[in-house]
4 protein chains.
Amino acid sequence: MRADARRNRELIVTTAADLFVERGPEVSMEEIARAAGVGVGTLYRHFPDRRALVEAISVDALQRLLDYGRAVSEQDVSGWEALRLIVRRCTELPLALATSVTGGSALPGRAELPGLVQAVNAELEWAAARAQREGTLRRDIPAREVIALISVAVCRPGARIDDPLVRVVFDGLRATGA
Amino acid sequence: MRADARRNRELIVTTAADLFVERGPEVSMEEIARAAGVGVGTLYRHFPDRRALVEAISVDALQRLLDYGRAVSEQDVSGWEALRLIVRRCTELPLALATSVTGGSALPGRAELPGLVQAVNAELEWAAARAQREGTLRRDIPAREVIALISVAVCRPGARIDDPLVRVVFDGLRATGA
Amino acid sequence: MRADARRNRELIVTTAADLFVERGPEVSMEEIARAAGVGVGTLYRHFPDRRALVEAISVDALQRLLDYGRAVSEQDVSGWEALRLIVRRCTELPLALATSVTGGSALPGRAELPGLVQAVNAELEWAAARAQREGTLRRDIPAREVIALISVAVCRPGARIDDPLVRVVFDGLRATGA
Amino acid sequence: MRADARRNRELIVTTAADLFVERGPEVSMEEIARAAGVGVGTLYRHFPDRRALVEAISVDALQRLLDYGRAVSEQDVSGWEALRLIVRRCTELPLALATSVTGGSALPGRAELPGLVQAVNAELEWAAARAQREGTLRRDIPAREVIALISVAVCRPGARIDDPLVRVVFDGLRATGA
DNA sequence: CATGAATGAGTCTTCATTCAT
DNA sequence: CATGAATGAAGACTCATTCAT
């Protein structure tokens with residue numbers, strides 16, 4: 001893929017993500033193209049249809065999250081702190097969108113999405129398991145459920161790391177002895 | 001209002017609420033009408049446009065919730081229990097929808113909505129305040145914030161009273177001494 | 001026909017005529033009914049469909065014009081003056097409407113309209129012919145054409161007897177010697 | 001603007017004008033598109049809504065009239081003859097439509113219409129003033145009113161240069177000495 | 001017999017997608 | 001290869017007309 005084509009692709013994905021966040025899920029393809037400074041034709045050259053674009057946004061966001069998560073894991077931070085860091089990053093990415101897409105059925109032949117979701121979850125579960133071993137995270141909820149829970153709390157449009165909801169969720173997850 | 005008209009109106013509101021919950025916010029008016037067994041014209045006679053219909057659904061749900069909340073308050077239950085009961089009822093009503101509407105600007109001249117939201121909130125705050133006095137609910141979060149928090153947790157599409165999220169929220173709200 | 005029914009009918013016809021003049025030809029049947037203070041059902045009881053109503057307005061207006069024209073003819077006024085009087089009356093009646101209807105095809109089985117148009121024309125032609133004999137109206141245009149001309153000048157929406165157009169038409173029709 | 005787009009635009013404007021003249025102001029957009037041999041989408045790409053289309057027709061007609069009027073003025077014809085020529089051209093253009101539009105309020109930001117009307121009127125007034133100086137047009141009516149008058153006579157649906165109405169108007173405007 | 005609720009065909013308009021330039 | 005014009009299916013909404021109350 002040529003350098004300019006790659007740049008266009010990037011540009012479209014990030015522009016579209018921003019537009020979806022700012023103006024809801026009904027932005028038109030035309031508008032996305034205009035905001036990205038390209039013609040619709042170009043948009044469709046990169047993404048055969050709307051779903052492909054939305055999926056690309058998700059893949060992009062999940063990829064960034066995964067990169068970040070792995071970087072964090074290589075750092076020397078506690079499991080609990082890792083969870084918090086990753087969750088903060090979640091709120092900075094268009095993951096509400098990603099989630100709504102994940103909820104739907106993935107396009108056949110485009111299997112990146114489930115794999116990425118899997119990988120991100122693995123990263124989070126590992127952090128959660130560590131935190132449980134460290135005694136900071138409740139042990140009566142399986143790590144898998146902890147993650148599901150955090151996902152719900154964080155993958156809402158407009159979620160922020162210091163939302164009352166997110167704060168209380170972390171309080172609720174804190175091991176009672178801690 | 002004639003008896004058959006009232007019946008149709010009810011029918012439309014409940015059918016539409018169900019459809020919105022099942023199939024998302026983009027169901028077409030035509031489809032709603034068909035599901036309710038009436039013509040589009042009838043739909044539009046009762047609700048001048050889509051927004052009016054959605055608003056009516058919210059008003060209806062909030063009204064039911066308020067009725068229930070007041071009935072609960074007259075019962076001899078603890079504040080904590082009242083909270084749980086009201087919250088359970090929330091999950092049975094299309095309040096995710098209601099909330100998304102409340103977020104938008106109310107239609108001019110149709111001031112029921114803010115009033116209802118107010119009234120429901122008052123009911124919930126009263127239960128929360130009682131629970132704080134009873135020593136079962138954390139006192140370091142103002143009752144008002146507790147409600148905001150619960151609203152966020154409960155007014156998601158598909159929320160259930162025994163969701164992990166809702167369970168953890170309640171755990172997080174429990175007074176540490178309790 | 002009962003007295004109240006006749007009164008309703010009258011009411012509807014005049015109300016509708018006013019509305020058509022004020023707000024153009026697209027007023028809805030519902031609105032006409034509301035303005036007349038009756039239900040749509042009543043409106044439809046009197047007029048099987050929209051065309052019938054519009055036709056009734058025309059018949060009504062032409063009938064009034066004919067009555068007036070005959071009254072004028074029985075008076076002792078000159079042909080020229082008669083023309084002016086009748087024309088003034090035209091501008092007070094919703095004849096622009098009437099004309100647009102006449103232009104269309106009359107409803108089968110409702111032959112009043114052509115007859116009335118005929119009768120009114122006859123009255124006008126007679127006045128014109130008298131004016132020609134009196135030497136006040138140009139003789140080089142057949143009376144029939146004079147009438148056609150006046151009709152065009154007068155049966156416009158918003159026509160008034162002292163419009164520049166109408167004034168010049170009368171000037172142009174004046175016998176040069178007069 | 002691409003060549004094919006311009007061609008389509010032209011095609012739509014003229015087709016629509018014809019249809020409006022032939023079948024009245026209620027022709028559907030669908031029908032206009034079909035008659036022009038394009039899809040509705042194309043129609044709407046060129047004209048964001050019905051009003052814009054009607055306005056474009058008017059602008060188009062007035063522009064042609066203005067071009068013609070200026071060409072006539074550069075010819076060596078008398079004021080009276082210029083008036084007649086311009087008026088004949090009026091009857092060949094969909095100016096009845098144009099006029100009905102002019103009557104309504106112009107779209108904000110689309111100020112061509114008032115300007116064009118102004119320009120055409122200026123052209124006509126200049127011809128009228130010349131005719132008055134030449135002694136062929138009555139001097140007791142201000143040129144401006146003469147134009148208003150001619151406009152009324154000519155901007156009717158179906159007006160023709162040799163209508164009795166138009167003929168008599170010109171007769172009525174002729175200076176009595178001429 | 002009046003009323004106004006119900007009906008549904010028809011209108012305007014939008015937008016994902018295709019295709020000529 | 002980018003562009004943006006063309007397409008038409010689909011949705012929101014209106015209104016003449018019918019029919020239950």
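Naming: A, B, ... by sequence-line order, numbering from 1 per chain.
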field: Comparing V38(C) and G37(B) on DNA chain E - which has the more 5′ nearest nucleotide
entry: V38(C)

- request: Give a yes or no on whether the backbone of L11(A) and the side-chain of T15(A) come within a donor-acceptor separation of less than 3.5 Å.
  value: yes

message: Whether N8(B) contacts dA5(E) is assessed here as follows: a side-chain N or O lying under 4.0 Å from the phosphate OP1 or OP2. Is that the case?
response: no

query: Between R34(B) (CZ) and dA6(E) (P), how many Å, whole number?
result: 18 Å

query: So, is T42(A) close to the dT3(F) phosphate, meaning a side-chain N or O under 4.0 Å from OP1 or OP2?
result: yes

field: Separation of atom CD1 in I32(C) from atom P in dC15(F), rounded to whole Å
entry: 12 Å

message: Using 0.5 Å steps for rounding, measure from the CD1 atom of I57(D) to the CG atom of D18(D).
response: 9.0 Å

message: Counting C-beta onward and ignoring hydrogens, is there a side-chain heavy-atom pair between V59(B) and V13(B) closer than 4.5 Å?
response: no

message: Please enumerate all residues that pass side-chain contact (heavy atoms from CB on, under 4.5 Å) together with D4(D), with sequence neighbours excluded.
response: R2(D), R7(D)

- request: Check whether any side-chain heavy atom of R9(B) lies under 4.5 Å from a side-chain heavy atom of F47(B), and answer yes or no.
  value: yes

query: Starting at CG of L43(B) and ending at C1' of dA5(E), how long is that distance when rounded to a whole Å?
result: 14 Å

- prompt: Which residues satisfy the side-chain contact (heavy atoms from CB on, under 4.5 Å) test with Y44(B), sequence neighbours excluded?
  reply: M29(B), V40(B)

- prompt: OP1, OP2 of dG4(F) versus side-chain N and O of R45(D): anything below 4.0 Å?
  reply: no

message: Once side-chain hydrogen bond (donor to acceptor under 3.5 Å, both in side chains) is applied, do any residues pair with N8(D), and if so which ones, sequence neighbours excluded?
response: none

Rounded distance [0.5 Å steps], CD in Q63(A) versus CG in L113(A): 11.0 Å

- prompt: At what angle, to 10 degrees, do the two end axes of the helix from dA2(E)-dT21(F) to dT21(E)-dA2(F) meet, given five pairs define each axis?
  reply: 10°

- request: Classify every nucleotide of nucleotides 16-21 of chain F by which part a protein heavy atom approaches to under 4.0 Å, writing B for the base, S for the sugar-phosphate alone and - for neither, in 5'-to-3' order.
  value: SBB--S

- prompt: What is the distance, rounded to the nearest whole Å, between atom CG of L19(B) and atom P of dG11(F)?
  reply: 13 Å

- prompt: Of all residues at least two apart in sequence or in a different chain, which pass the side-chain contact (heavy atoms from CB on, under 4.5 Å) check with T14(A)?
  reply: R64(A)

